[in-house]
Student: 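Handing you a structure now.
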Amino acid sequence: MGGLTQDIAAFVSALDPADLPDRCIETASTGMTDCVGVMIAGCDETAVGLVGATVQEGSGDDVAPAIPSGRRLAPADAALVNGVAGHVLDFDDVGIDGHTSVVLTPAILAEGWHLNASGGDALAAYAAGYEAWALLDELEPGHLHDRGFHPTAVTGTLAVAAACARLHRLSAEQTADAIAIAASLASGVVANFGTMTKSLHAGRAAQSGVIAARLAASGFTGSPDVLEHRTGFMRAHSASGNPDVERGDWQLGKTWRMLREGINVKRYPICYATHRSIDAMLALVESHSLTPADVSEVMVHMGTTARLMLRNHSPKTGLEAKFSLEFAMASSLVAGRVGLAELTDEFVSRGDVVDAMKKVTCTTTDETMVSMPFAPADTVSVRLTDGSVIAHPPVAHARGSWDNPLTRAELQAKFRDCCRGRLPDDQAETAFARLIDLKDVASLRDLPLTAS
């Protein structure tokens with residue numbers, strides 16, 4: 001029949017691990033590795049326990065493990081719980097217009113464990129989901145965030161369906177059905193940022209994608225033009241009202257969007273919209289030995305959409321602080337860092353932190369980057385108590401971003417820190433080594449991701 005839905009389905013169903021450029025393999029491996037580390041770090045959070053309590057233990061062969069507890073769950077439920085764990089700290093990577101790895105990885109590992117898939121199959125599934133998501137984002141000139149939609153929960157659900165369709169080796173027709181089913185399961189709003197529900201966005205997207213692919217495999221059907229129809233997914237969610245769904249010649253499998261946009265690994269467990277400003281503020285604090293007593297005002301210039309995400313101007317809890325520019329700057333100034341230890345209710349409510357947050361002002365621009373809904377650069381300047389102003393050069397690429405990546409040693413150090421106290425040190429080192437070279441893993445069941 002042709003059209004956007006059918007063409008994406010044909011690409012996904014035909015994708016072979018051998019088709020992937022080496023850089024795509026490296027990117028997918030990095031994203032999945034980092035996501036597993038963050039998933040393990042978040043496993044004991046309250047939100048994860050509450051969600052885990054809603055699902056029952058699985059039985060028989062149709063199970064997959066929660067990570068790192070090893071609790072056997074139905075694969076869709078394992079994807080749900082692991083997805084919430086991977087996003088609850090907001091320490092997972094960012095790609096395209098959302099959080100790619102935290103929806104793809106939990107679903108791929110859960111369904112792939114059940115199917116006894118290889119590392120190569122997992123990487124092909126990741127690439128299938130990523131490329132489908134990136135194309136849909138490319139065809140929409142507006143930004144979903146501006147309409148109040150969280151792309152991770154919305155487009156991410158379709159991406160997971162595509163990834164799981166690839167794992168199941170569904171036909172092109174069945175893959176189109178999986179995407180169509182997922183289009184009616186996708187949901188998530190920005191208003192829930194700074195609450196437990198944001199992490200549920202990732203878990204539900206992972207779970208829904210698994211369910212969509214399984215339903216399609218069983219013969220469940222959906223609209224064959226669900227993406228491009230005038231009442232379909234793209235127009236229903238369009239921020240511009242004019243998605244380019246009739247263009248054709250999508251270049252799937254020819255122009256790899258993963259090579260262009262990649263993933264951005266987080267150094268700080270806080271909304272990615274703050275990271276460039278944090279890099280700048282930390283550099284000013286270090287280079288000028290700044291203390292709160294030295295500073296009368298912290299001035300930030302950033303994108304309008306980024307500022308919209310950072311909705312909490314006077315946060316009271318660690319969760320709220322994850323979406324607060326004021327907190328990000330205050331933590332940088334007061335603690336000289338923005339880490340997991342600072343994202344607590346106790347630290348956020350400290351008097352010196354509250355006072356520092358009151359010193360932060362922000363101006364915005366509507367200008368955006370090509371690849372993300374952020375300004376081309378963020379700028380931070382500080383007015384000192386003597387009236388003088390010091391400024392950091394504009395920061396276009398945060399440390400850990402696709403254009404300014406972490407080294408393998410830095411990635412390993414983050415993974416090690418995330419696993420500390422939850423996996424034995426030697427097991428964590430083995431897990432990192434196998435994940436980062438996932439293409440060589442014969443079965444996902446060989447990954448040592450659960451506590452002994």
Side-chain angles (χ1 to χ4, degrees), residues 17 20 24-43 48 58 61-87 91-93 100-129 160 163-164 166-168 202-203 206 209-210 263 265 408 411-452:
L20 301 179
C24 286
I25 293 173
E26 178 186 347
T27 303
S29 300
T30 297
M32 293 187 71
T33 302
D34 184 70
C35 182
V36 168
V38 174
M39 188 189 304
I40 293 171
C43 69
V48 182
D61 295 330
D62 193 19
V63 293
I67 297 170
S69 71
R71 182 186 177 206
R72 291 297 192 260
L73 303 172
D77 291 340
L80 167 67
V81 174
N82 291 336
V84 173
H87 200 46
F91 208 6
D92 52 295
D93 69 45
T100 45
S101 295
V102 80
V103 294
L104 291 169
T105 302
I108 291 169
L109 290 180
E111 195 71 308
W113 196 94
H114 162 66
L115 295 169
N116 199 24
S118 69
D121 287 329
L123 294 171
Y126 185 104
V160 176
C164 290
R166 171 59 187 77
L167 282 176
H168 278 277
V210 172
I263 57 169
V265 175
R408 178 170 173 143
L411 288 167
Q412 187 170 9
K414 178 182 174 180
F415 189 90
R416 186 184 300 119
D417 288 343
C418 286
C419 294
R420 186 164 289 123
R422 296 174 178 87
L423 288 181
D425 291 347
D426 58 345
Q427 184 179 345
E429 297 298 328
T430 300
F432 177 86
R434 292 187 185 174
L435 283 163
I436 206 71
D437 292 318
L438 191 58
K439 67 181 185 302
D440 300 324
V441 172
S443 170
L444 296 182
R445 297 181 184 182
D446 295 335
L447 296 172
L449 304 182
T450 56
S452 302

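These values consider heavy atoms only, across backbone and side chains, with no hydrogens, waters or symmetry-generated copies.
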Student: Could you state the interatomic distance from CG (L109) to CG (L447), rounded to the nearest 0.5 Å?
Tutor: 7.0 Å
Student: When you compare the side chains of Y126 and T27, does any donor N or O come within less than 3.5 Å of an acceptor on the partner?
Tutor: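 Checked: Y126/T27 side chains show no N/O donor-acceptor pair below 3.5 Å.
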Student: Do P75 and W113 have side chains that get closer than 4.5 Å, going by heavy atoms?
Tutor: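 Contact flag for P75/W113 side chains = no.
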Student: Under 3.5 Å, side chain of Q427 to main-chain N/O of P448, donor-acceptor pair present?
Tutor: yes
Student: What distance separates E26 CD from T33 OG1, expressed to the nearest 0.5 Å?
Tutor: 10.5 Å
Student: How close do A107 and V160 get, counting heavy atoms only, and between which atoms?
Tutor: CB-CG1, 3.4 Å
Student: With side chains defined as the heavy atoms from C-beta onward, is the minimum distance between V63 and L73 less than 4.5 Å?
Tutor: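 With C-beta onward as the side chain, the pair stays apart.
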Student: Find out whether S69 and C43 are in side-chain contact, i.e. whether some heavy atom of one side chain is under 4.5 Å from a heavy atom of the other.
Tutor: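 Side-chain contact under 4.5 Å: no.
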Student: Cation-pi check, K414 to F432: give yes when NZ or CZ is under 6.0 Å from the six-membered ring centre and within 45° of the ring axis, no otherwise.
Tutor: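 No, cation not above the ring by the 6.0 Å, 45° rule.
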Student: Just verifying a value: how many Å separate L423 CG and L449 CG, rounded to the nearest 0.5 Å?
Tutor: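 One finds 7.5 Å between CG of L423 and CG of L449.
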Student: Just by modelled atom types, is the V102 backbone N or O under 3.5 Å from a matching donor or acceptor in the D92 side chain?
Tutor: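 Between the backbone of V102 and the side chain of D92 there is no qualifying donor-acceptor contact (under 3.5 Å).
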Student: So which heavy atom on A64 is nearest to which on A110, and how close?
Tutor: CB-O, 3.3 Å
Student: Quick one: CD1 on I108 to CZ on R166, what's the gap to the nearest 0.5 Å?
Tutor: 10.5 Å
Student: Answer yes or no: is there a side-chain heavy-atom contact under 4.5 Å between D34 and F91?
Tutor: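 No, too far: nothing below the 4.5 Å cut-off.
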Student: Kindly say whether G203 contributes a backbone atom to a donor-acceptor pair with the side chain of H87 at under 3.5 angstrom?
Tutor: no
Student: Heavy atoms only: give me the nearest L167-A125 pair and the separation to one decimal.
Tutor: CG-CB, 3.8 Å
Student: Listing request: all side chain to side chain donor-acceptor pair (under 3.5 Å) pairs with a residue in residues 438-447, at least two apart in sequence or in separate chains.
Tutor: N116-S443
Student: Tell me whether E429 contacts the main-chain N or O of R416 through its side chain, where contact means a donor paired with an acceptor under 3.5 Å.
Tutor: no
Student: Show the nearest heavy-atom pair for residues T450 and A66, with the distance to one decimal.
Tutor: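 Closest pair (atom of T450, atom of A66, distance): CG2-O, 3.9 Å.
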Student: Using every non-hydrogen atom in the two residues, find where A451 and R422 come nearest and quote the distance to one decimal.
Tutor: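 Closest approach of A451 to R422, heavy atoms only: CB-O, 4.4 Å.
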Student: Roughly how far apart are L123 CG and I25 CD1, rounded to 0.5 Å?
Tutor: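 Nearest 0.5 Å value for the CG-CD1 distance: 6.5 Å.
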Student: Say you draw a straight line from CG of L444 to CG of L438; how long is it, rounded to the nearest 0.5 Å?
Tutor: 6.5 Å
Student: Heavy atoms, side chains only, cut-off 4.5 Å: are R71 and P65 in contact?
Tutor: no
Student: Using the test side-chain hydrogen bond (donor to acceptor under 3.5 Å, both in side chains), find all partners of R408 that sit at least two apart in sequence or belong to another chain.
Tutor: none
Student: I'd like to check C418 versus I40 (side-chain heavy atoms, cut-off strictly below 4.5 Å). Are they in contact?
Tutor: no
Student: On a heavy-atom basis, which atom in G31 and which in S101 lie closest, and how many Å separate them?
Tutor: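 Residues G31 and S101, closest heavy atoms: CA-OG, 3.3 Å.
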